[in-house]
Every structure is written in structure tokens, then in C-alpha cells.
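In what follows, every chain begins at residue 1, and chains take the letters A, B, ... in the order their sequences are listed.
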Protein chains: 2
Amino acid sequence: MRGVAVGERTPDAVVPEVPLDRTSPVPLYFQVATRLQQLIEDGGVPVGSRLENEVELAERLGVSRPTMRRAIQYLVERGMLVRKRGVGTQVVHPKVRRPVELSSLYDDLAKTGRDPRTEIRLLEVRPAPDHVAEALGVAPGSEITWFERLRYASGEPLAIMHNAVPTDVLAIERADLERRGLYELLRAAGRVPRMANQVVGARTATGAEARLLGEGRGAPLLTMTRTAWDESGRAVEYGSHLYRASRYSFELTLTI
Amino acid sequence: MRGVAVGERTPDAVVPEVPLDRTSPVPLYFQVATRLQQLIEDGGVPVGSRLENEVELAERLGVSRPTMRRAIQYLVERGMLVRKRGVGTQVVHPKVRRPVELSSLYDDLAKTGRDPRTEIRLLEVRPAPDHVAEALGVAPGSEITWFERLRYASGEPLAIMHNAVPTDVLAIERADLERRGLYELLRAAGRVPRMANQVVGARTATGAEARLLGEGRGAPLLTMTRTAWDESGRAVEYGSHLYRASRYSFELTLTI
DNA sequence: CATGTGACTTTGTCCTGACAAAGTATTGAC
DNA sequence: GTCAATACTTTGTCAGGACAAAGTCACATG
């Protein structure tokens, strides 16, 4: 027979105590959140189960209620937990559903082991054309680096990419661009893209485009134009890209 | 000559006092955030300006520092403000860049005054095909409502839409679907979509599709398949849609 | 048996107070 | 003048307490 504490609903899952390091520079709420996330991903706290109430949880883990709330909130925002007033906190997903990654094609391909390769067909410093200047929010005629790349994956052509980067944001070197993706270069320079506006459409390929991509004339292409900003709100990149629809599609997870 | 208070950096923008209603059910932090957002959008607090420090701001608006912080944090998450420890809080965007709206095509068209109309070409209750069951995360053969719609905007055909909704999530009536968008129906039933996974691609139209959409054979089409979940993590909708690329593109704003 | 009323649980909001960490500006030594 | 040490400003983290609001459940009442 198992004793049941009076005056409290029994939770489905008990979170084991968490070793906290108060001397660490990592904030307490983050230590708690990370540990909780691990437990959920490893199945220690099963999907669908209800957690203890936050007051008790805070007490047992040895943190204040605001800190415990902040840790839980963090996982709620990432889609792992759901809370309801008067009810409790429940696990709804074993894994984090990321809102959308702001990553470059190169990173994505490299991560999935598809051996990205880049052919730089053009690279020049020039005044920004009007539509580019407008997209970047800079004065017309401002100096930008303009380049065109042909991106291969697994040895096959995949995309034609046109980009503009303001010269005062980053000086682009041909050699760097051949080895690494644009976003990696931006990140390395401390101009981390944080926000982006994308328009995704489709059209059929012209003869020249089809030839470059190894498709037939009139083949369907995915088009994507994007402006990206860093955390201080400064535009760091404008891109206008063409993808072979037969070999590429965009996947995105989004939350309200 | 203008006096400068000693012991504090002068801000670029002064937030006027905000009328607060402490009897309202609307939380204080939200009242403050909403008002601040208005001020930024209307230009009362210019883009690029630095706000007063949060301690002073809280004092002057008559709320506690945590409440003020929460209001500011809300706008930081929406991409309007940027904060740096030791520096301050700065306005970076005049308008809210919503992460991405989780709205239906119908809502979007109605909002922009493009007179959406829907022709229901099929509606039946049937067991879920395997790929649909998998996308929804339900048992194969579970009962769903399956329907095909042709969507018009401004009198022109725009999209062919196929959808599946589990019958225990919502009973779909033909009449409702003709007058209102699917997402509006879901919301009205309390099954608010909160998270979605979308895959966007492109292909050329078959003869039948081209005929329905008023395009030529081989015209480029945007394809989109989506699964949407409500806040409790339950799948509420699966959709597989075809858009005329000549008349439609996806725009999305995303943050890391 | 249905039903609504009230006790109770649980999360949401709000407050005060304190110290730490990161940046900026000033000052002083060389 | 240059550079390092120092003072100061500003946001970040953490604690503890109090009350409100929403949901659940048992129980009394019709």
C-alpha cells in the first residue's frame, strides 16, 4: 500500500532531484530547464504525464518559485510542456519543436552529409541596385559585395544563388566563400543573423537557368528572396535564389 | 541651455505616462507592452532611439520592475526592442514582425479585401489513408473528414486544397466550409492551431490541375503540405495544397 | 439522478529587495 | 597622448511573499 499525501493531486511523473551548481555562470533557471528537457527526451518523464505543481517542484529542487517558473516557461515556449491554470503542467512532446531555423543552405547540406560544393561565378564590389538597396534599407548606391554562386549537393547542381552584403558589414573574400557558407562567415564575424523576411514562390526555368542546373527548359524552380537582420536590427544580407524543385523543398515548423 | 541629470545617461526617447487600469482583467504588463508598442508604431518613440532605463521607467509608469521587465521582454520577443546589459534598451523596428502567422489562406484574402470564394468539390467521412494518418499521428484507418476545395480570389481561381480533419476533433459541415475558412472553424470550436509543420515545394501542373486553375499545361505550381497541432499537442488538420505560382507566394518572417 | 455550490488545487500576476555581470565613461599614471 | 585601473550605469538573476483566477472534485440538495 502506498501512502498518498493529503491535500494535493498525485502527479503522473516525479522529477528526480537535480544537481545544481550555484557557482556556475550558467543561470539556475537554465540548469533546471536543461535537466528537465533531458529527462523528457530520455523518457524519464513520459509524454502525456503531469508534473508536480510548481511550488512543490521548486521546493524539492531547492530553487525559488520564480526560478522554477522561468525554467518551465522556457520549455513551454519550446513546445515540450503545456500548462493550464487550476490543472497543472503536462508533457506534450518528447522533442523540442524549433520555431524555424535561420540557417543557410550550406549548413543544412553539410549537416545531412550531402557534401556541399560551391562554384563562385561572379564576385564584385559595386553600388547597390535600387531594389537591393530598398530590401536592405540602405541608401541607393551604397557599396555592397554582389556575388553569384552555383551550389552543388552530392555532386549535382542544386541552386543558383545571388547575394548582396554591405561592405561595411563584412568584407567577403572569394576563398572563404568557396569553403564555407555565407551564414557561417557572418556568424564568425559577429554579425549573427537573428531575423529574416522570406518570400517563397515558383516559376519555370529559362534556357540559361535550366542549362546551369542540369534541368530541361521549362522545369519548375522554387524561388526565394530573403533579407536578414542581426540582433541590432541592421540588415546583413539580401539574397535571391533559385532551387531545382525536383531536388529541394523548404520545411519549416512554426508557432503562433 | 538644457539641464542634464547627474548620475544617469540621457535617453533619446521619453515614454509618456501610461494610463493603467488596475481593475481590468488585462494584466498590467500587457497594458504597458501594448501602449509601448503603439507609441513605437506611431513614431512617438522613434526607431533607433534608446529608452530610459527600466528602473526609472517602472517608477514613472507606476509599476514594479519585474512587471516593467515583462512588458519590455514581450516586445523584445516580437523583435521591436533590443536590450544589452550595461547599455540599455533600443528600438529596432517600428512594426511587429510576427514570427509567422498561423492563419489560413481564407483569412489572409479576406483581410486584404480580395473577396475569397470557395467551391467544395468533395466532402466525405472516410478512414484515413496511411500517409495522412502518419502525418496526423493517428492510427491508420481512423475516421477523418476529407475534402477538396477550389479557392477563388477576386473571381480568379487561386488554389486547389485537400484537407483532412479527424472527426473527433471537429465535425465539418459543408455549409460552414463554404462561408468560412477552415482555421476560423477550428478556432470557433476551441481547437486553436498553435503549431504547424509545413513543406513548401514546386512542380508543374498536370492537365487536369491546369484546367481547374485556368492555367496552361505545365504551368508552375507552388505545393504546400501542412500538419497543424493545437496547444495540447493534438493534430487538428492535415492539408496538401496547390497554388498558382503566377498569383501567389509565401511570405514569412522568422526569428531565431 | 442531475446539478450547482463550495472547498481546494494549481497556475497567473504583482510586489519589494538584493546582488552579479557586462558595458561605458572617467580618471590617473606613465 | 596612451593605456590601464576605477567608478558608475544598466540589465540579468534570484529570493520570498501575497493575492487572484481558473479548473477540479466531492458533497449536499432538489
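Each of B:I144, B:L170, B:N163, B:V169 was compared with B:E237 under the side-chain contact (heavy atoms from CB on, under 4.5 Å) criterion, and only B:N163 meets it.
Nucleotide D:dA22 holds its C1' atom 14 Å from the CZ atom of A:R83, rounded to whole Å. Atom-to-atom, NZ of B:K84 to P of D:dT11 comes out at 13 Å; the value is rounded to the nearest Å. In this structure, CZ of B:R22 is placed 8 Å from P of C:dC14, rounded to the nearest angstrom. We find that CZ of A:R70 is positioned 11 Å from C1' of D:dT11, with the value rounded to whole Å. For A:L57 and C:dT11, the CG to C1' distance is 13 Å, given to the nearest whole Å. With rounding to whole Å, B:R69 atom CZ is found 15 Å from C:dG17 atom C1'. With rounding to whole Å, B:E54 atom CD is found 5 Å from D:dT11 atom C1'. Taking atom CD of A:Q31 as the reference point, atom P of D:dT13 lies 12 Å away to the nearest angstrom.
Map B:E52 and A:T67 each onto its nearest nucleotide of DNA chain D; the residue landing nearer the 5' end is B:E52. Both B:P25 and A:M68 lie near DNA chain D, and the one whose nearest nucleotide falls closer to the 5' end is A:M68. Residues A:P66 and A:T89 both approach DNA chain C. Their nearest nucleotides, taken by heavy-atom distance, put A:T89 toward the 5′ side.
OP1 or OP2 of C:dC14 has not a single side-chain nitrogen or oxygen of B:Y29 nearer than 4.0 Å.
Proximity of the aromatic rings of A:Y74 and A:Y29 is defined here by a centroid distance below 6.0 angstrom, and this criterion is not met.
Donor-acceptor pairing under 3.5 Å is lacking for the side chains of B:D21 and B:Q31.
Residues A:P166 and A:A235 share a closest heavy-atom pair of CG-O, 4.1 Å.
If you check C:dG23, C:dT16, D:dG12 against the side chain of B:V87, the one that comes closest is C:dG23. The side chain of A:R50 has C:dT10 as its nearest neighbour among D:dA15, C:dT10, C:dT11. Here the side chain of B:S64 is nearest to one of C:dT11, D:dA15, C:dT16, namely C:dT16. Considering only side-chain atoms of A:R85, the nucleotide from C:dA21, C:dC14, C:dT10 that sits closest is C:dT10.
A donor and an acceptor atom sit less than 3.5 Å apart, one in the side chain of A:R65 and one in the base of C:dG12.
Comment: B:R191 engages B:D230 in a salt bridge, judged by a side-chain N to carboxylate O separation of less than 4.0 angstrom.
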